[in-house]
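First listed ligand is number 1; within each ligand, the first listed atom is number 1.
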Amino acid sequence: MEKPDVVVVGSLSRDLVVHTSNRPRVGETVIGNSFNMYVGGKGNNQAIAATRAGACVEIIGKIGQDSFGDIILDVLKENKVGHKYLFRDKNLNTGIANIIVDDHGDNSIVIVPGTNHALSSHDVDSAIEIISSTKVILLQLEIQLATALHAAKLARNSNVTVILNPAPAVEDINQITDLLKHIDILIPNEIEASVLTGIDISDEKTAFQAAKKLMNYGPKTIVITLGAKGALYVIDSGEYTLIPAYAVKAIDTTAAGDAFCGALAAHLSQDGNLERAIKFASAAGALAVTKGGAEPSLPLKEDILDLMSTKVV
Ligand code: ADP
């Protein structure tokens, strides 16, 4: 087996999306307008994003022995994501996200983690072959914290760069302080950084304050993504650098963060330079907002390079 550039330890799910003009109230039944199913889960999306961005990627995760699991596996295969350590649980269902979108574009989401919460430290141990030989490991918070922590520790022991996208946001930073000690690069978005630090992020200065606070917990590099305002990074608490966003026409911002994290991990694993990786990731994030959906909007390396060569930031 080829040595991976990036190993993702994370969630995979089937997203069930209903569009309806009227959101049902308690006890009410309404007729919706459309229904679609997509592959999702932050682990799945970031693994696909990193592969399309040019890296050799392996995913460590857990799906069920059900039809949703089959579909997720097919999409990973189509995208050439390595799945030797994608486990299948015969007792639990594949994770799902039940998403209701109304005419204003506002959504309500129920996530049932299913097999994602059954991915164990033992499963991670069995994948030591790829964890110890990869350059970068990429984690999020849609699996059990104990499992993510175990993966981070194993990777650190092998001098692998550990990246955490702390999404979805956790209300209390104390829940993840142990994990943060083992993280090299932390990539929160504006909301996650605000919730973790209690700092209301309204501009570069407040984002810088939040980044400095987050550094105290262990990560030496903080990258805060600020949507259309770009991404700010801090490697030395004395100063910050803002990488402006590429000017694009935003259609649907879903998965911009996943595209950014996957592309950053991919580029860093091959080039090693953080600022160049963030510029590449910013172009990937920008392209992701120009198309609808999550997986369909994750861009290919050639399109990312194309945007970088033609657009003035
Ligand atoms: P999330 O999806 O986690 O909320 P962000 O919205 O911060 O993440 O987006 C991640 C990155 O994608 C941003 O830092 C930026 O580089 C890029 N991006 C996001 N939205 C836009 C946009 N409207 N225009 C251009 N780039 C964008």
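Listed by number with element, the atoms of ligand 1 under 4.0 Å from a non-hydrogen atom of Leu226 are 7 (O), 14 (O). Residue Phe260 has at least one heavy-atom neighbour below 4.0 Å for each of these atoms of ligand 1: 11 (C). Near Ala245, meaning under 4.0 Å from one of its heavy atoms, ligand 1 places the atoms 25 (C), 26 (N). Interface of Ala231 with ligand 1, defined as ligand atoms under 4.0 Å from a residue heavy atom, comprises 14 (O).
Of the candidates Ala284, Gly285, Gly230, Gly230 brings a heavy atom nearest to atom 14 (O) of ligand 1. In the candidate list Leu264, Thr254, Val248, Val248 is nearest to atom 24 (N) of ligand 1, counting heavy atoms. Looking at Gly227, Ser282, Ala255, it is Gly227 that brings a heavy atom closest to atom 15 (C) of ligand 1.
Residues Ile96 and Phe35 fall within the same hydrophobic cluster, defined by Ile, Leu, Val, Met, Phe, Trp and Tyr side chains chained together at heavy-atom separations under 4.5 Å.
With respect to atom 2 (O) of ligand 1, the closest heavy atom belonging to the protein is Gly257 N, 2.9 Å. Looking from atom 25 (C) of ligand 1 to the surrounding protein, the closest heavy atom is Tyr246 O, 3.1 Å.
In this structure, Glu171 places its CD atom where only 12 or fewer heavy-atom neighbours from other residues, nucleotides or ligands lie under 6.0 Å away.
Under the 4.0 Å criterion applied to side-chain N and carboxylate O atoms, Asp271 and Lys135 are not assigned as salt-bridge partners. Here Lys84 pairs with Glu129 in a salt bridge; the nearest charged N to carboxylate O distance falls below 4.0 Å.
Where the criterion is an N or O separation shorter than 3.5 Å, residue side chain and backbone included, Asn189 meets it with respect to ligand 1.
Residue Thr225 touches ligand 1 through backbone and side chain together, judged by heavy-atom distances below 4.0 Å.
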